[in-house]
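Let me begin by presenting the structure, written as structure tokens, before commenting on it.
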Amino acid sequence: MNAPDTFSTRSAAGERQRLLDEYRRVREATVALAAPLSPEDCQAQSMPDASPVKWHLAHTTWFFETFLLGEFVPGYAPQFPEYRVLFNSYYNAVGEKHPRPHRGLLTRPALSEVMDYRRRVDEAMAAAIANGAAGALASFRDLLVLGFNHEQQHQELILTDVKHLLSCNPTGPAYTSSMPRGPDADATTSGAEGAQALPAFKSFEGGIIDVGHSGAGFCFDNELPAHQVLLQPFELADRLVTCAQYLAFVLDGGYRRPELWLSLGWDRVQAEGWSLPLYWRRPGPGGADAPGPIETFTLAGWQPLEPAAPVAHLSYFEADAYARWADCRLPTEAEWEHAASRTPLAGQANLLELGLLRPVPLANGHAVRHAGGHAGGHAGGHAVEGARGDAGGLLGQMWGDLWEWTASAYLPYPGFKTSAGAVGEYNGKFMCNQFVLRGGSFATSRSHIRATYRNFFPPEARWQFSGLRLARDGQRQPILSAG
């Protein structure tokens with residue numbers, strides 16, 4: 001992991017206060033996400049890939065207790081030593097783990113006890129941040145910032161996992177009873193007309209480009225080291241694929257045409273009976289590709305499908321099949337990062353802080369421009385929405401709304417080295433049978449995302465907030481021969 005070396009340039013007291021403020025902000029945000037839920041909501045586990053909200057609340061606390069209090073506070077003794085097993089996720093170097101598919105069976109400790117555990121650890125962490133040994137400040141800070149980012153990942157997982165849980169209830173309960181309006185909501189295209197139109201494509205010349213994180217600012221170890229990649233000319237769609245566009249694929253028999261699918265994807269379609277994206281249903285008679293209204297399950301319960309909104313909850317297999325049907329392809333992660341590095345992050349990018357809790361349409365089919373912005377981080381330290389590509393056109397929805405599947409397998413960069421100790425298990429050991437997603441979603445914190453960020457999931461995963469942007473090859477310049 002990488003974090004800026006600031007203790008040599010600013011007072012330790014000021015840095016401690018900044019870190020304490022950030023710690024409290026991140027921890028309070030997690031509790032706020034769980035606030036609309038009942039203890040029963042927080043207990044249940046809907047499938048092996050998801051975890052109960054209660055477990056997320058405890059595991060994120062376990063992380064700070066295990067890797068910071070246990071390592072940096074002399075004589076620290078966990079009050080609940082059994083939690084070391086119950087709330088360990090996958091850190092084999094730490095010790096035993098409770099099986100992931102059985103996390104929902106942990107009726108004890110109760111939610112109230114988990115919240116008390118959080119309060120106790122928060123008190124100990126506040127003291128450690130304020131009074132820790134000066135000689136350990138830099139290494140303590142690095143793990144603390146990793147803990148912030150770890151908890152922000154679980155904030156998004158709380159929303160993905162509770163959405164799946166609530167969708168399993170035949171009554172279709174809502175996580176929240178009201179959805180805030182999106183930016184320029186009156187100007188958005190909400191009907192199928194216009195939403196089905198093909199996106200514009202923006203051209204990039206390619207060449208030798210920088211990929212990966214460099215400079216100041218936090219990054220995960222899988223974003224390192226920065227290196228160079230040769231890109232051929234390519235084009236990217238100026239927006240995400242919409243529900244109306246994906247519905248055209250469904251109505252054209254997309255889920256019944258094996259020629260559109262990768263072999264493993266077609267096997268999954270057949271084995272699990274896929275005929276619509278996850279959380280879509282057609283309440284009337286007829287099959288999935290029959291005409292008629294469609295509803296989609298949201299964090300506000302079942303709602304009419306919004307044709308102009310980006311299509312969500314696609315697996316890699318579905319994204320790839322749609323791209324092939326559209327005579328396009330998915331971008332590589334290097335292409336995406338190259339485009340994102342020139343795309344400023346707008347103040348109204350649809351990230352967690354905006355509170356919309358769903359992907360929203362672009363205003364009038366164009367990227368919404370907003371005054372101001374927010375400095376985040378990219379390969380040298382900025383995260384940026386609505387960018388200009390080489391052709392001078394805007395790229396919309398590059399930040400937030402939905403994670404975007406890429407065509408790139410999740411593999412180590414040239415020269416990659418895992419971090420020392422148990423935290424070295426954070427990313428590297430998962431570099432097999434996964435694909436990379438980029439750009440964040442409406443559930444991603446603004447301070448968490450950057451152009452170099454590499455999310456990853458197995459190709460069959462559908463419950464994440466994932467969508468797609470189309471890409472295609474650009475025009476190559478002819479090579480002039482000498483003489």
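Note: hydrogens, waters and symmetry copies are ignored here, and every other heavy atom, side chains too, is used.
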Under 6.0 Å between ring centres: does that hold for Phe67 and Phe72?
no

In terms of side-chain heavy atoms, does Thr30 have a donor or acceptor partner in Gln155 at a distance below 3.5 Å?
yes

Indicate yes or no: does Arg462 engage Glu318 in a salt bridge with an N to O separation below 4.0 Å.
yes

Salt bridge flag under 4.0 Å for residues Arg118 and Glu151
yes

In plain terms, say whether Arg18 and Glu15 are close enough for a salt bridge, that is, a side-chain N and a carboxylate O under 4.0 Å apart.
yes

So, Tyr83 versus Trp62, ring centres under 6.0 angstrom or not?
no

Asn433 CG: over 12 foreign heavy atoms closer than 6.0 Å
no

Ring centroid separation Trp261 to Tyr255 under 6.0 Å
yes

Are a donor atom and an acceptor atom from the side chains of Gln152 and Ser447 found within less than 3.5 Å of each other?
yes

Quick check, are the ring centers of Phe148 and Phe218 under 6.0 angstrom apart?
no

Ring centres of Phe249 and Tyr246 under 6.0 Å apart?
yes

May I ask you to say whether Glu337 pairs ionically with Arg438, meaning some side-chain N is under 4.0 Å from a carboxylate O?
yes

If we ignore angles and hydrogens, is there a donor and acceptor under 3.5 Å between the side chains of Trp403 and Glu156?
yes

Polar contact flag, side-chain donor to acceptor under 3.5 angstrom, Tyr175-Asp41:
no

Taking only Lys NZ, Arg NE, NH1 and NH2, and the carboxylate oxygens of Asp or Glu, determine whether Asp21 and Arg25 approach each other closer than 4.0 Å.
no

Starting at CG of Leu224, measure out to OG1 of Thr418 and round the result to the nearest 0.5 Å.
12.0 Å

Nearest heavy-atom neighbours spanning Gln397 and Leu240:
OE1-N, 2.9 Å

Could you check whether any side-chain N or O of Gln464 sits under 3.5 Å from a backbone N or O of His313, counting only pairs where one atom can act as donor and the other as acceptor?
no

Is it true that Phe63 and Phe87 have ring centroids separated by less than 6.0 Å?
no

If you take the centroid of each ring, where Trp contributes its six-membered ring, are Phe430 and Tyr410 closer together than 6.0 Å?
no

Ring centroids only, cut at 6.0 angstrom: are Tyr453 and His448 within range, meaning strictly under it?
yes

Test side chain to side chain contact (heavy atoms under 4.5 Å, CB included) applied to Leu352 and Thr444, Leu159, Ile449, the passing residue:
Leu159

Between His164 and Trp463 (side chain of the first, backbone of the second, donor and acceptor by atom type, cut-off under 3.5 Å), is there such a pair?
no

Distance-only donor-acceptor check, side chains Glu65 and Tyr117, under 3.5 Å:
yes

Sidechain N-carboxylate O distance under 4.0 Å for Glu223, Arg450
yes

Between Trp405 and Tyr316, how do the two ring planes meet: parallel, tilted or perpendicular, split at 30° and 60°?
perpendicular

For the ring pair Phe435 and Phe457, is the centre-to-centre distance below 6.0 Å?
no

Between Arg268 and Glu272, is there a side-chain N and carboxylate O pair less than 4.0 Å apart?
yes

Would a distance-only check, ignoring hydrogens and angles, find a side-chain to backbone donor-acceptor pair under 3.5 Å from Ser51 to His56?
no

Check for me whether Arg100 meets the cation-pi criterion with Tyr90, that is, NZ or CZ under 6.0 Å from the six-membered ring centre and within 45 degrees of the ring axis.
no

Tell me whether Lys54 contacts the main-chain N or O of Pro109 through its side chain, where contact means a donor paired with an acceptor under 3.5 Å.
yes

With a 3.5 Å cut-off and no angle check, do the side chains of His154 and His150 form a donor-acceptor pair?
yes

Is the backbone of Leu305 close enough, under 3.5 Å, to the side chain of Thr296 for a donor and an acceptor to pair up by distance?
no

Which atoms form the tightest heavy-atom contact between Leu314 and Ser466, and what is the distance?
O-OG, 2.8 Å

